[in-house]
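Working notes for the structure below.
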Amino acid sequence: MTRIIPPSHRSITGSLPTRFPVRQLHYESKLERDFLILLEIEPGLETIATQPVTLDLVIEGRRRRYTPDVMATWWEDALLPYGRAQVVFEVKPYSILKRDYADLAPKYHAARQHLAAQGIGFRVVTDRTIYCTRQANAVLLGPAMRRPLSSDIMTTVRAIMTYPGVPHRTFGEVKKLLMADGLLRDTAHQALLHLLGIGYLVADLSLVISDTTQMRWWTHLVAEEALVEDS
């Protein structure tokens with residue numbers, strides 16, 4: 001059962017638009033919202049759910065109920081950054097985790113064991129790992145990746161990025177080529193952000209996105225065509 005998020009003067013509650021089928025992800029703190037923004041650009045991610053399930057746990061001999069914050073599911077053929085296709089996350093400020101660790105640790109340990117028995121991973125994430133250059137890039141990519149992109153622009157970018165003998169191009173170079181093809185500067189810029197966000201363009205998102213960002217197409221042309229034929 002999904003938990004109903006009550007109002008609280010200690011947290012910021014709301015909902016975040018998403019490209020995933022649920023369309024809106026509800027959050028109950030700014031930190032949770034910012035983690036969802038970061039998670040949305042994770043390669044190979046199939047879907048995200050917030051307050052996904054309430055667990056019945058036995059903690060130090062007592063029955064307790066616990067609702068974690070987020071569940072992420074990766075596609076079967078994706079690289080799994082946490083070693084599992086499904087991972088449940090608890091989002092907690094580091095200062096609170098440190099202060100209340102003695103009370104929180106038994107609950108998290110029980111949750112990890114309970115979920116592991118079902119083949120599901122469990123992670124606690126804090127502001128120390130959430131706030132990074134990749135998260136700042138995700139803030140930039142999110143609005144662009146949630147907007148639809150013309151198939152004609154997609155085809156043009158694909159042709160530019162798969163030109164024989166040119167495995168990489170910079171963000172600025174591709175933007176100029178799209179503008180030469182007739183696109184407005186902002187349209188070209190947003191199109192490239194969209195494709196970076198959904199993973200069709202691949203770049204090192206641990207570095208700030210700029211016109212010098214090196215990009216490549218998500219796969220080799222022959223492999224992509226084979227996937228289309230098989231689908």
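Side-chain contact between Asp56 and Arg63: present, with at least one pair of heavy atoms (C-beta onward) separated by less than 4.5 Å. Side-chain contact between Trp74 and Leu79 is absent, with no heavy atoms from C-beta onward closer than 4.5 Å. For the pair Thr187/Ile153, a side-chain contact is recorded, criterion being any heavy-atom separation below 4.5 Å from C-beta on. Using a 4.5 Å heavy-atom cutoff, the side chains of Thr50 and Glu32 are in contact. Counting only heavy atoms from C-beta outward, the side chains of Leu149 and Ile198 never approach each other to under 4.5 Å. Looking at heavy atoms from C-beta onward, Asp69 lies in side-chain contact with Glu28 at the 4.5 angstrom threshold. The closest side-chain heavy-atom distance from Gln24 to Pro17 is below 4.5 Å.
Hydrophobic cluster membership is shared by Tyr82 and Val70, with clusters built from Ile, Leu, Val, Met, Phe, Trp and Tyr side chains linked at under 4.5 angstrom. If you chain together hydrophobic residues whose side chains sit under 4.5 Å apart, Val208 and Leu140 never meet in one group. If you chain together hydrophobic residues whose side chains sit under 4.5 Å apart, Val22 and Ile37 fall into the same group. By the rule that hydrophobic residues join a cluster once side-chain heavy atoms approach within less than 4.5 Å of another member, Phe89 and Tyr131 end up as members of one cluster. Cluster membership check: Met179 does not share its hydrophobic cluster with Met161, using side-chain heavy-atom separations under 4.5 Å among Ile, Leu, Val, Met, Phe, Trp and Tyr.
The line from CG of Asp127 to CZ of Phe35 is 12.5 Å long, rounded to the nearest 0.5 Å. For the atom pair Ser29 OG and Leu31 CG, the distance stands at 5.0 Å (nearest 0.5 Å). Distance CD/Gln135 to CG/Leu141: 11.0 Å, rounded to 0.5 Å. Rounded to the nearest 0.5 Å, atoms OG1 (Thr213) and CD (Glu173) are 12.5 Å apart. Note that NE2 of His114 and CG of Leu55 are 5.0 Å apart. Values are rounded to the nearest 0.5 Å.
Looking at every heavy atom in both residues, Pro167 comes nearest to Arg216 through O-CB, 3.4 Å. Between Ala203 and Gln214, the closest heavy-atom pair is CB-O, 3.4 Å. Between Trp75 and Leu45, the closest heavy-atom pair is NE1-O, 3.6 Å. Among all heavy-atom pairs drawn from Ala110 and Val58, the shortest one is CB-O, 4.1 Å. For Ile130 against Leu38, the heavy-atom pair with the smallest separation is O-CD2, 3.8 Å. Across Arg33 and Leu16, no two heavy atoms sit closer than the pair O-CD2, 4.3 Å.
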- Message: Between Trp217 and Val157, does the side-chain contact (heavy atoms from CB on, under 4.5 Å) criterion hold? Intermediate values first, please.
- Response: CA-CA 9 Å; Trp217 194 242; Val157 175; 4.1 Å; yes
- Message: Assess the residue pair Thr67 and Thr54 against the criterion (side-chain hydrogen bond (donor to acceptor under 3.5 Å, both in side chains)); give the C-alpha distance rounded to whole Å, side-chain angles, the decisive distance to 0.1 Å, and a yes or no.
- Response: CA-CA 4 Å; Thr67 303; Thr54 296; 2.7 Å; yes
- Item | His189 vs Phe171, side-chain contact (heavy atoms from CB on, under 4.5 Å): CA-CA, chis, key distance, verdict | CA-CA 9 Å; His189 189 88; Phe171 189 101; 3.4 Å; yes
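Under the side chain to side chain contact (heavy atoms under 4.5 Å, CB included) test applied with Ile160, the options Leu178, Val166, Asp181 reduce to a single match, Leu178.
A donor-acceptor pair under 3.5 Å links the side-chain atoms of Arg19 to the main chain of Glu40, judged by distance alone. A donor-acceptor pair under 3.5 Å links the side-chain atoms of Asn137 to the main chain of Ile209, judged by distance alone.
Hydrophobic cluster membership for Leu207: none, as no Ile, Leu, Val, Met, Phe, Trp or Tyr side chain comes under 4.5 Å of it.
Pairs passing the ring-ring contact (aromatic ring centres under 6.0 Å, His included) check and including a residue from residues 132-168, sequence neighbours excluded, do not occur.
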Determine all donor-acceptor pairs shorter than 3.5 Å in which one atom belongs to a side chain in residues 91-104; sequence neighbours excluded.
none

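When the shell of 6.0 Å around CD of Gln118 is examined, it contains more than 12 heavy atoms from other residues, nucleotides or ligands.
A salt bridge between Lys107 and Glu90 is absent, with no side-chain N of the basic residue lying under 4.0 Å from a carboxylate O of the acidic one.
The aromatic rings of Phe122 and Tyr108 sit tilted relative to each other, their planes meeting at an angle between 30° and 60°.
At a cut-off of 3.5 Å, with distance as the only test, a side-chain donor of Gln86 or Thr73 sits close to an acceptor on the other residue.
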